[in-house]
Amino acid sequence: MTHPPVPLGTFPTPLEPAPRLAAALGLGPDDLWVKRDDLTGLGGGGNKIRKLEWTVGAALAEGADTLVTTGAPQSNHARLTAAAGARLGLAVVLVLRGSPGASHSGNLALDGLFGARLAWAGQVDQAGLDATAAEVCARLRAGGARPALIPFGGSGVLGARGYLRCGAELRERLPDLRTAVVALGSGGTMAGLVAALGSETVLGVDVGALADPAAKVAEFAAPLTAEEVVPERLRIRRDQVGAGYATLTGPVRDALRLAARTEGLPLDPVYTGRALAGLRAAVADGTVRPGERTVLLHTGGLPGLFGHPDAVGFAEEGARAFDVAG
């Protein structure tokens, strides 16, 4: 049974032209638009809100009083789960990879501000993170709480439903849409868009969060559409991962600077920066061409920029001194 979503965000999100960025990429002035899912409202915004409306809606319907989820220390999903809990009067426990003390900025600062409790799992893989989350839920139940475990990244068939709505918003505004470019992390955002728009329309830029992102996107998308979803037919670029999920690569540095200085549009170094770097590479190799309507999905994540020391240092270097003495 699918329970109704709980309203958490502000929709539809804006869809804005980006003519200066388009020109810098080699596209026409009316070719490129930005879907501002960084402006979903709650908790600093971001794409996870659309998923949490469904996953938290199900948790409420099942009588939960506590939300538990997993992620990296700078997880946007964890931050927005904490915000959703605060909005709805639910306790939140975030099970994070790593150890305390490495950082107190970015999303972690907001986690604390929203009142979440943190459980550090150590340097574990996803299976280890899931095992710790299961232990946390067991302890909460033993103490009389009613926890609901929200999946990693909010991604699953249920969470992907949130991006059916986003796909409909895009089709309504841009019926001639050729390519929607999105960062591919835990898979749910791309899956919902694929179900709404078709495999041929969505270009996912892998950020390195999953070993086999195509299989996961197909798994989440298939139940939401009558069309066959074949992993091998999905449009996925895997050339922007670099040395790993948390690293700041040269192409991402260039993408952060380009979006900021052409459109005043801040991106983050893990997700949206990679999405734009992937779009830039796609234009260079002809995968995305001038004259075709293209959307860059801005999935939010700005607090993650401030929790990424390399990205902060790079950004600050861009502020040139002005000699007041002439």
Side-chain angles (χ1 to χ4, degrees), residues 1-15 35-71 75-94 114-116 133 137 140-141 145-173 180 182 185-197 202 216-227 229 297 299-300:
M1 177 180 179
T2 301
H3 299 287
V6 59
L8 291 172
T10 303
F11 303 111
T13 53
L15 183 64
K35 180 63 168 168
R36 297 295 303 273
D37 265 25
D38 57 321
L39 302 179
T40 49
L42 179 68
N47 63 318
K48 306 301 184 180
I49 293 296
R50 291 187 189 266
K51 302 177 187 180
L52 285 164
E53 288 195 331
W54 287 92
T55 56
V56 175
L60 288 174
E62 293 166 3
D65 62 8
T66 305
L67 304 178
V68 179
T69 199
T70 62
S75 168
N76 296 303
H77 165 68
R79 181 242 311 169
L80 290 173
T81 301
R87 166 76 63 86
L88 298 169
L90 303 173
V92 175
V93 180
L94 306 177
F114 295 137
C137 287
L140 287 167
R141 290 189 195 97
R146 301 184 302 278
L149 182 59
I150 307 297
F152 171 68
S155 291
V157 176
L158 184 60
R161 285 183 173 273
Y163 271 85
L164 291 174
R165 178 178 182 178
C166 182
E169 291 172 16
L170 289 172
R171 278 293 186 214
E172 182 177 357
R173 287 286 309 277
V182 60
S186 54
T189 300
M190 182 174 176
L193 291 174
V194 165
L197 301 172
V202 185
K216 193 61 69 174
V217 170
E219 175 189 337
F220 296 158
L224 302 178
T225 177
E227 297 182 8
V229 182
L297 188 71
T299 51

State, with a plain yes or no, whether a side-chain heavy atom of [X] is found less than 4.5 Å away from one of [Y].
X: V229; Y: V217; result: no
X: T225; Y: V194; result: no
X: L193; Y: K35; result: no
X: Y163; Y: L297; result: yes

[X] and [Y]: which non-hydrogen atoms are nearest, and at how many Å?
X: A191; Y: F220; result: CB-CB, 3.5 Å
X: C137; Y: L149; result: SG-CB, 4.2 Å
X: V92; Y: G85; result: CG2-CA, 3.7 Å
X: L197; Y: A180; result: CD1-CB, 4.3 Å
X: A116; Y: L94; result: CB-CD1, 3.8 Å
X: R87; Y: L8; result: NH1-O, 3.7 Å

Task: Under 3.5 Å: donor-acceptor pair, side chain of T40, backbone of G46 - done: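 Yes; judged by distance alone, with no hydrogens or angles, the pair exists.
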
- [ ] Check whether any side-chain N or O of E53 sits under 3.5 Å from a backbone N or O of G162 as a donor-acceptor pair, and report yes or no.
- [x]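 Not at all, since once roles are kept as given, no pair shorter than 3.5 Å links the two residues.
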
Enumerate, atom names and distances included, each donor-acceptor pair closer than 3.5 Å involving a side-chain atom of residues 64-71, sequence neighbours excluded.
from, atom 1, to, atom 2, distance (Å)
D65, OD1, R146, N, 2.8
T69, OG1, H77, NE2, 2.8
T69, OG1, I150, O, 2.8

- [ ] Indicate whether the side chain of T189 and that of K51 have a donor and an acceptor atom separated by less than 3.5 Å.
- [x]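 There is such a pair (donor and acceptor under 3.5 Å, judged by atom type) between the side chains of T189 and K51.
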
Open item on the list: Is it the case that the side chains of K216 and S186 hold a donor-acceptor pair, with the cut-off being a distance below 3.5 Å and no angle test?
Closed with: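 On atom types as modelled, these side chains do not qualify, holding no pair under 3.5 Å.
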
Open item on the list: My understanding is that only residues two or more places apart in sequence, or in another chain, count here; which of them pass side-chain hydrogen bond (donor to acceptor under 3.5 Å, both in side chains) with N76?
Closed with: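 Partners of N76 under the side-chain hydrogen bond (donor to acceptor under 3.5 Å, both in side chains) test: R79, N107.
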
TODO: Show your working on side chain to side chain contact (heavy atoms under 4.5 Å, CB included) between T10 and L39 and close with a plain yes or no.
DONE: CA-CA 8 Å; T10 303; L39 302 179; over 6 Å; no

- [ ] From the options D37, N47, V182, select the one residue that forms a side-chain contact (heavy atoms from CB on, under 4.5 Å) with C166.
- [x]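 Only one of D37, N47, V182 forms a side-chain contact (heavy atoms from CB on, under 4.5 Å) with C166, namely D37.
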
Open item on the list: Run R165 and E169 through salt bridge (charged side-chain N to carboxylate O under 4.0 Å, His left out) and show every step you take.
Closed with: CA-CA 6 Å; R165 178 178 182 178; E169 291 172 16; 3.8 Å; yes

